[in-house]
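Everything below concerns the one structure shown next.
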Amino acid sequence: MTLTVLTAVVGDREAPLVSGLERSPAGVTVVRRCVDVLDLLSAAAAGLAHAVVLSADLHRLDRDAVTRLQLAGLAVIGLAAPGDRSAAERLTRLGVDPVLAADAPVEEIVAAVTTAVAELARQQKLLGRPSGQTSAADLGLGDPAGALPGPPAANSQADDARPRPPGRIVTVWGPAGAPGRTTVAVTLASQLAAAGQETLLIDADTHGASVAQTLGLLDESAGVAAAARAANQGALDLGRLADLAPPVSADLRVLTGLPQSRRWPELRASALDVVWEQARKLAAWTVIDAGFGLEADEELMFDTAAPRRNAATLSAISAADLVLAVGSAEPIALQRLIAGLPELTDLTGPDAVRVVVTRVRDTAVGPRAGRLISEALQRYAGVSDVVLVPDDRPVLDAAMLHGKSLTEHAPGSPACLPFANLAADLVSQFGPSPSTGRPRRRGRWSRRSA
């Protein structure tokens, strides 16, 4: 079967490359010579090819475009100017693999295309894709000999070259109705930091980001949007993420959320996936405050790759080692939590979810509220392990007024103690943070006055 290819190569190299590909004995056919990213995406969506060869300097090439090409079933091969290591590294960060020098012999480029398409077909077979998908046998390629090596990764953490295990991600989710997601995320993150764990707190709520306000931070700029922007351009490394999420206290960094919810299209899943990946390298623990939406309804409503408001939440849940499902101790809120748990566990698996119930008080559900809530969750949701957080409204209000976490303001509060126990359980389960040897820096966020 003919191997069909799209090209999107800038400069004088494009014509000889197309000519060389067409003359290749491997049976390569260039079905379209695309002039820009929009032309390339249109051709990919039309199902015209098995692979695309593109250059690093293609205008408006970003992570989102590469992801859309891959979702269309294309193997993506990149060409960088000879000796331009930064361009090759940028292509790699955008998700392009393999990356070759633009002056590489055509035979080498053809071999890379053949290998990449065969590897993609093998992966599709392992994932059980429908039979209509391209397979290696259909192309007459067989199994690839091995992936071509990409360029060496940039050393963005020169002060600590020692390898360290990847950090863990805890995503805090809860149904609509303000069950206390942000309070849980902030308190858990501050407890992990107080235990000496390097912790990064990220606000990824696209409906109502509030971590900055809770901690009394100035939120003129959205750290998470800047990180996603850098990731989309292939420019997010450890140093850049550290600059965008400076420390607010010893061992705690904060990546602030969107100050205006209408900016939600800036948080695309393809870029956030890179943010989570870098977060694992920056901190031993990353706590993500996510939104409530679990539906991917935009995919059903549009024929095109429309932005998805819930994509940030779905991406954070998919990346998590543990998801905390948060509900508050009122009958309606508990009903929403129980209704949402099956959909959540469909995304994560039941072993990756732990339930937290906030504002536990007898006046809301009856005498011995903790026991009643635990019995209801066991009966209607099959949940046996529940973290119950007593209501301590005066202390929570005071902490909010002072722009401090509950851990800072009142570590002995009954509402704080369950999070200290939860942090200790997580450290015990997943292991303590390895020493990084990096000096601690004082927080340099500006706080609003109390």
Side-chain angles (χ1 to χ4, degrees), residues 62-67 70 85-97 99 150-172 185 189 192-193 197-206 209 211 221-248 251-258 266-290 311-322 430 433-434 436-438 441:
D62 57 19
R63 177 85 185 191
D64 188 58
V66 173
T67 301
Q70 293 168 340
R85 181 172 176 174
S86 63
E89 290 171 350
R90 176 175 177 269
L91 283 175
T92 300
R93 287 196 293 267
L94 293 179
V96 177
D97 183 33
V99 179
N155 183 11
S156 57
Q157 195 175 359
D159 61 334
D160 183 14
R162 294 172 298 170
R164 58 179 294 187
R168 301 289 183 172
I169 293 179
V170 178
T171 295
V172 179
L192 287 167
Q197 304 290 299
E198 289 182 319
T199 305
L200 171 62
L201 174 61
I202 301 178
D203 193 339
D205 189 343
T206 55
V211 167
S221 61
V224 69
R229 214 161 33 241
N232 201 37
Q233 296 299 323
L236 185 68
D237 57 16
L238 229 51
R240 179 62 174 152
L241 182 58
D243 288 341
L244 293 171
V248 298
D251 291 319
L252 178 61
R253 296 173 177 270
V254 175
L255 193 65
T256 55
L258 300 174
E266 297 179 36
L267 302 187
R268 300 230 176 181
S270 57
L272 289 175
D273 290 342
V274 179
V275 176
W276 315 146
E277 179 184 344
Q278 292 296 330
R280 289 187 186 273
K281 300 175 184 178
L282 181 64
W285 292 91
T286 298
V287 180
I288 304 173
D289 182 11
T313 298
L314 295 173
S315 173
I317 289 173
S318 297
D321 298 287
L322 175 70
F430 292 107
S433 168
T436 63
R438 292 198 301 259
R441 296 186 296 167

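If you're wondering where the values come from, they're calculated on a predicted model, not measured in any experiment. Positions are given from 1 along the sequence.
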Revision key, fill the gap. Residues passing the side-chain contact (heavy atoms from CB on, under 4.5 Å) test with D289, sequence neighbours excluded, are R181, T182, A185, D203, V211

**Study point:** Verdict with supporting geometry, T199 and L252, side-chain contact (heavy atoms from CB on, under 4.5 Å)
**Key:** CA-CA 5 Å; T199 305; L252 178 61; 4.1 Å; yes

Point to revise | Closest non-hydrogen atom pair, L258 against A225 | key: CD2-CB, 3.8 Å

Point to revise | Spacing of T92 atom OG1 and R85 atom CZ [to the nearest 0.5 Å] | key: 10.5 Å

**Study point:** Test salt bridge (Lys or Arg N to Asp or Glu O under 4.0 Å) applied to D64 - qualifying residues, sequence neighbours left out
**Key:** R268

Review point. What's the spacing between T206 OG1 and E266 CD if we round to 0.5 Å?
Key: 12.0 Å

Check your understanding: So, does R253 use its side chain to make a donor-acceptor pair with the main chain of A242 at under 3.5 Å?
Key -> yes

Review point. Between the main-chain N or O of Q233 and the side-chain N or O of D62, is there a donor-acceptor pair closer than 3.5 Å?
Key: no

Check your understanding: Does the side chain of V170 reach to within under 4.5 Å of the side chain of W285, using non-hydrogen atoms?
Key -> yes

Practice item. Look at the side chain of T256 and the backbone N and O of G223, then say whether any donor-acceptor pair between them is shorter than 3.5 Å. Key: yes

Point to revise | Least distance between heavy atoms, L255 atom then A245 atom | key: CD1-CB, 3.9 Å

Review point. Which atom names give the shortest non-hydrogen contact between L236 and A227, and what distance separates them?
Key: CD2-O, 3.8 Å

Exercise for review: Determine whether R280 and D321 make a side-chain contact, defined as any pair of heavy atoms from C-beta on separated by less than 4.5 Å.
Suggested key: yes

Review point. Do any N or O atoms from the side chain of R63 and from the backbone of R93 form a donor-acceptor pair under 3.5 angstrom?
Key: yes

Check your understanding: Between G234 and L94, what is the shortest heavy-atom contact and its length?
Key -> N-CD2, 3.3 Å

Exercise for review: Can you see which heavy atom on S315 is nearest to which on D273, and at what distance?
Suggested key: OG-OD1, 2.6 Å

Point to revise | Set of side chain to side chain donor-acceptor pair (under 3.5 Å) partners for S318, sequence neighbours left out | key: none

Review point. Could you state the interatomic distance from CG (L267) to CZ (R229), rounded to the nearest 0.5 Å?
Key: 9.5 Å

Review point. Is any side-chain heavy atom of L238 closer than 4.5 Å to a side-chain heavy atom of Q278?
Key: yes

Review point. To the nearest 0.5 Å, what is the distance between CG (L200) and CG (L192)?
Key: 11.5 Å

Check your understanding: Of the non-hydrogen atoms in A316 and T171, which two are nearest, and what is the gap between them?
Key -> O-OG1, 2.7 Å

Review point. Out of curiosity, N232 CG to L272 CG, how far, rounded to the nearest 0.5 Å?
Key: 10.0 Å

